[in-house]
Amino acid sequence: ATTVPAETSKTDSAAGPKFLSQPLVKDIYTADPSAHVFDGKIYIYPSHDIETGMPENDKGDHFAMNDYHILSMDSVGGPVTDHGVALAVKDIPWAGRQLWAPDAAFKNGTYYLYFPVKDKQDVFRIGVATSKTPAGPFKAEATPIAGSFSIDPAVFTDTDGKSYMYFGGLWGGQLQRWQKGTYDANAPEKEPSGDVPALSARVGQLSADMKHFDGPVQDVKILDEAGKPLLASDTKRRFFEGSWMHKYNGKYYFSYSTGDTHLLVYAVGDKPTGPFTYKGVIMEPVQGWTTHHSIIEVKGKWYIFYHDTQLSGKTWLRNIKVTELKRKADGSIETIVP
Ligand code: FUB
């Protein structure tokens with residue numbers, strides 16, 4: 001493990017804490033940060049971006065990542081430790097290419113790392129790997145999670161101990177190819193457009209061993225203020241990728257990226273499986289095409305982890321950041337202008 005001192009951890013009264021909205025690490029490129037507090041420490045499970053020379057296209061071929069590095073911090077703004085390679089494509093028996101945005105969970109004395117990667121037929125599936133320590137290394141199961149597909153797993157454990165996985169992503173994430181319940185290799189590369197219900201994320205409850213779905217996977221229903229499902233034409237509000245779930249004051253906040261309109265938005269519901277009513281924008285567009293986030297509470301304050309391309313200026317070489325998430329008295333989230 002290597003630890004990078006928090007050169008940015010001092011505060012300055014005019015600008016506020018200097019670590020906010022600055023790259024958390026600079027010696028590797030990182031993206032898609034899924035943050036959790038495990039054992040009193042903050043662990044971040046990001047993608048590890050690399051330069052491969054793959055062409056940039058709407059299928060995301062330029063995101064050709066090979067491994068994960070897990071990062072940790074004792075506190076937000078403190079030194080960041082890079083724990084080295086935690087899992088690599090070569091160690092996943094069924095994997096082909098492209099290790100995309102992961103997430104992690106803790107249960108039964110075990111840490112679970114959930115990861116999307118294309119199988120040897122070039123179809124995205126979601127796998128799970130386990131470790132006795134939060135920073136790994138992780139050992140992958142021999143096969144993907146049965147019934148999983150597409151990308152961007154986000155695992156949420158409710159206060160009653162039940163865990164749920166939210167997943168899915170359009171375009172390169174292949175969600176549009178699963179409209180009939182099986183993979184359709186001939187489906188268009190983009191989602192249906194116009195005034196038809198938008199495709200949405202999926203959610204499935206996880207089994208007690210955290211390695212299977214316990215029952216069928218459902219659509220995440222996101223409704224407008226009139227109770228109608230968001231339409232495909234509503235590109236500034238409809239789901240694209242990058243699900244996250246957090247609970248605040250007994251309500252379930254489902255947040256996600258709108259992809260080609262570059263927003264992070266949220267919808268609120270009364271159950272972890274929805275339906276959710278669209279509420280607003282969490283973050284305006286960042287520098288770079290993608291933005292992907294997680295939201296956690298640390299010592300009574302809420303933070304959003306996200307990425308942009310400040311260090312490289314290149315869409316496929318991103319850097320993760322953190323900033324504070326503020327709410328109004330009614331629980332609504334204040335929009336962040338990065
Ligand atoms: O990192 C590859 C992909 O880019 C992720 O899976 C998406 O959420 C987007 O951030």
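Both ligands and their constituent atoms are indexed starting at 1 by order of listing.
Between H292 and ligand 1, at least one pair of N/O atoms sits closer than 3.5 Å. The shortest N/O to N/O separation between D152 and ligand 1 falls below 3.5 Å. Checking only distances, D32 does come within under 3.5 Å of ligand 1, N or O to N or O.
For atom 3 (C) of ligand 1, the nearest protein heavy atom (residue, atom name, distance) is W100 CE3, 3.7 Å. Protein heavy atom closest to atom 9 (C) of ligand 1, with residue, atom name and distance, is E241 OE2, 3.4 Å.
For the residue pair H69 / T30, no side-chain donor-acceptor distance below 3.5 Å is found, with atom types taken as modelled. Side-chain atoms of S255 and H293 include a donor-acceptor pair closer than 3.5 Å.
Taking the six-membered ring where the residue is Trp, H246 and W302 present tilted rings, their angle falling between 30° and 60°. The aromatic rings of H36 and Y45 sit perpendicular, their planes meeting at an angle over 60°, well past the 30° parallel limit. Relative ring orientation between Y256 and F239 is described as tilted, the plane-to-plane angle lying within the 30° to 60° band.
The minimum heavy-atom distance between K236 and T261, with the atom names listed, is CA-OG1, 3.7 Å. Shown here for R177 and P188, the closest heavy-atom pair between the two residues is NE-O, 4.3 Å.
When heavy-atom distances to ligand 1 are checked against a 4.0 Å cut-off, R318 comes that close only through its side chain, counted from C-beta outward.
Residue contacts with ligand 1 include M65, since one of its heavy atoms falls under 4.0 Å from the ligand.
Every atom of ligand 1 is numbered from 1 in the order shown, and the set under 4.0 Å from a heavy atom of A101 is 6 (O). For ligand 1, the atoms closer than 4.0 angstrom to any heavy atom of H307 are 10 (O).
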